[in-house]
Amino acid sequence: MRILWFVLSPLMALAVGLFFLGLSRRFMARIQWRVGPPLYQPLIDILRQFTQKSVSHGPLFDLGVVLSLASSFIVVLFMPLGGTAPLSSSGGFLVVLYLMLLGPLGIALSGGEAANPNVSIGISRKLILALGYEVPFLMIVLALMTYYGTISIGEIVAAQRESASAIASFPLVFSGIAYLLILPAMLGVRPFEVVGAAQEISSGPAAEYGGPYLALATIQHGLTMFIGISLFVNLLWGGASNPVVFFLKMLVVFAFGFWVNAAFPRLRVEQAVRYLWRWPTLIAFVGLILVATIGR
Amino acid sequence: MDRNQLMKWIKAPTKMAHKYSLNAVYFCTGCGVIEVPPTITSRWDAERFGVVPTATARQANLFLITGYVSVKTLRAIIRTYEQMPEPKYTVGFGSCTINGGMYWDSYNTINQLDKYIPIDGYIAGCMPRPEAIFVAVTHLWTLIDKDMADGYKRYRKNYAAYRANQEMILGEMEWPPIFQTEVATAITEREG
Ligand code: SF4
């Protein structure tokens with residue numbers, strides 16, 4: 001059964017990630033009173049990109065994209081997607097925290113090779129933004145690990161299934177709210193779209209990607225979205241007992257994220273960091289203190 | 001529109017993908033650019049046909065030059081065109097790109113864009129309405145279907161002539177020829 005999940009969960013992540021990419025375009029189009037592209041538009045785009053000829057800027061340019069894609073796939077293996085995670089026992093949450101940084105790092109490595117100023121600005125913005133949301137995120141994570149007394153995502157999910165889900169239980173509700181506040185920043189959607197701002201810095205780190213590189217970067221983007229949402233569902237909304245329920249829960253979180261995306265304009269990068277270090281950090285901190293003092 | 005016909009997708013997946021995923025660089029040179037925002041936003045919504053604007057040349061496969069081209073922007077246009085990954089399609093927008101239009105005897109605009117980069121099709125008018133862009137896109141689909149949107153192949157084949165034209169108007173260009181001309185001809189013969 002576990003062997004099967006090794007194959008199934010990356011495939012599910014790929015399919016759902018691409019579906020989310022298509023759905024996000026459709027969703028935005030409907031909110032803007034448009035018809036929008038068909039749901040399978042990302043597939044067409046990826047097919048087109050794979051058949052285009054593109055230039056490479058050097059070996060690191062090629063390897064960086066692969067690195068970020070591979071790390072995203074590995075993170076997926078640690079996620080219990082409504083079942084057991086293929087790699088659940090071996091390392092748990094801390095590994096995920098490290099591996100999640102590899103995705104942007106790979107893109108940064110590969111983009112740095114291209115020596116395009118827009119790419120450099122995009123990467124520095126990504127790092128600043130990551131600095132912004134990592135602080136509250138680590139507090140949330142710390143609160144969860146203290147509360148449940150474990151560093152394994154699987155055990156956190158199991159503990160939530162016995163009692164209520166984390167976002168509905170008292171001290172952890174603060175962590176849940178803080179997570180919801182930083183979720184758009186982790187997904188990189190509109191109020192925090194400073195990294196890939198198409199109108200400002202020509203889509204930032206992806207500016208030099210064309211052809212197959214862009215296809216891989218698109219897939220990576222879909223996976224990042226998948227990971228961000230599934231992490232929320234697992235950690236704070238109690239996971240699910242089967243993949244279908246899990247997927248439905250992800251859809252709800254996705255709809256929330258893209259509703260925010262449609263409703264807000266883009267912040268400047270320093271405004272984004274100021275916001276992230278004020279309200280989410282404060283709420284996450286309160287949550288952490290409460291968990292530390294009250295406990296279970 | 002044959003986007004939903006599965007057989008065509010199985011028969012020629014690349015061609016269909018290129019048809020229904022036209023990511024456009026709008027080179028906003030002239031007055032024509034004012035027609036682009038309504039085309040891509042709620043009023044006409046080009047995205048439902050897969051036509052979306054992209055930010056960089058590397059991600060695009062459709063090049064839309066919207067209006068008169070001054071000598072200074074010609075340099076940028078050539079660079080942008082050469083950066084786009086093949087296969088790529090170009091569309092000239094408005095009569096200015098066809099023969100100079102009302103800027104025919106201007107001292108700092110070029111008259112025929114086709115002399116400097118290959119154009120797959122023009123949209124006539126001064127200025128064309130957004131509907132005309134959609135007509136152009138459907139024409140482009142037909143051209144791609146019949147393998148007639150081959151501007152990028154013509155560019156490779158006749159690169160020496162294009163480069164000579166470019167140098168005539170721009171003088172010394174700061175980047176070397178992107179194709180060795182003999183090599184380019186050989187590649188074209190091999191790939192057809
Ligand atoms: S064709 Fe007409 S509308 Fe278009 S750039 Fe020329 S003068 Fe302007």
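A, B, ... follow the sequence lines: proteins, then strands. Residue 1 opens every chain. Worth knowing before you read on, the calculation uses all heavy atoms, side chains too, and leaves out hydrogens, waters and symmetry mates.
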Proximity breakdown for B:Val52 and chain A, heavy-atom pairs closer than 4.5 Å
side chain
Which bit of B:Trp9 is near chain A, if near means a heavy-atom gap under 4.5 Å: side chain, backbone, both or neither?
side chain
Could you please spell out the steps behind the salt bridge (charged side-chain N to carboxylate O under 4.0 Å, His left out) verdict for B:Asp120 and B:Lys88?
CA-CA 9 Å; B:Asp120 289 308; B:Lys88 49 191 169 186; over 6 Å; no
Can you say whether B:Arg43 sits under 4.5 Å from chain A via the side chain, the backbone, both, or neither, judging by heavy atoms?
neither
Could you walk me through whether B:Phe134 and B:Phe49 pass ring pair (Phe, Tyr, Trp, His ring centres under 6.0 Å), step by step?
CA-CA 9 Å; B:Phe134 289 105; B:Phe49 304 115; 5.7 Å; yes
Looking only at A:Asp45, A:Leu43, A:Asn118, most heavy-atom pairs under 4.5 Å shared with chain B are made by A:Asp45
Bottom line for B:Ala60: the part with an atom under 4.5 Å from chain A's heavy atoms is backbone
When rounded to the nearest 0.5 Å, the distance separating OH of B:Tyr89 from CG of B:Asn61 is 6.5 Å
What part of B:Thr41 gets within 4.5 angstrom of chain A, counting heavy atoms only: side chain, backbone, both, or neither?
backbone
Given a strict heavy-atom distance threshold of 4.5 Å, which part of A:Tyr40 is in contact with chain B: side chain, backbone, both, or neither?
side chain
Ring pair (Phe, Tyr, Trp, His ring centres under 6.0 Å) for A:Phe61 and A:Tyr209? Distances and angles first, verdict last.
CA-CA 9 Å; A:Phe61 188 73; A:Tyr209 290 149; 5.4 Å; yes
One thing to verify: whether A:Glu270 and A:Arg274 come together as a salt bridge, which I'm taking to mean a side-chain N less than 4.0 angstrom from a carboxylate O.
no
Side chain, backbone, both or neither of A:Glu208 within contact of chain B (heavy atoms, under 4.5 Å)
both
Which is it for A:Arg48 and A:Gln52 under the side-chain hydrogen bond (donor to acceptor under 3.5 Å, both in side chains) test, yes or no, and what are the steps along the way?
CA-CA 7 Å; A:Arg48 193 253 311 173; A:Gln52 275 186 305; 2.9 Å; yes
With a 4.5 angstrom heavy-atom cut-off, is it the side chain or the backbone of A:Leu214 that approaches chain B, or both, or neither?
side chain
Using a 4.5 Å cut-off on heavy atoms from C-beta on, say whether the side chain of A:Val189 contacts that of A:Val260.
no
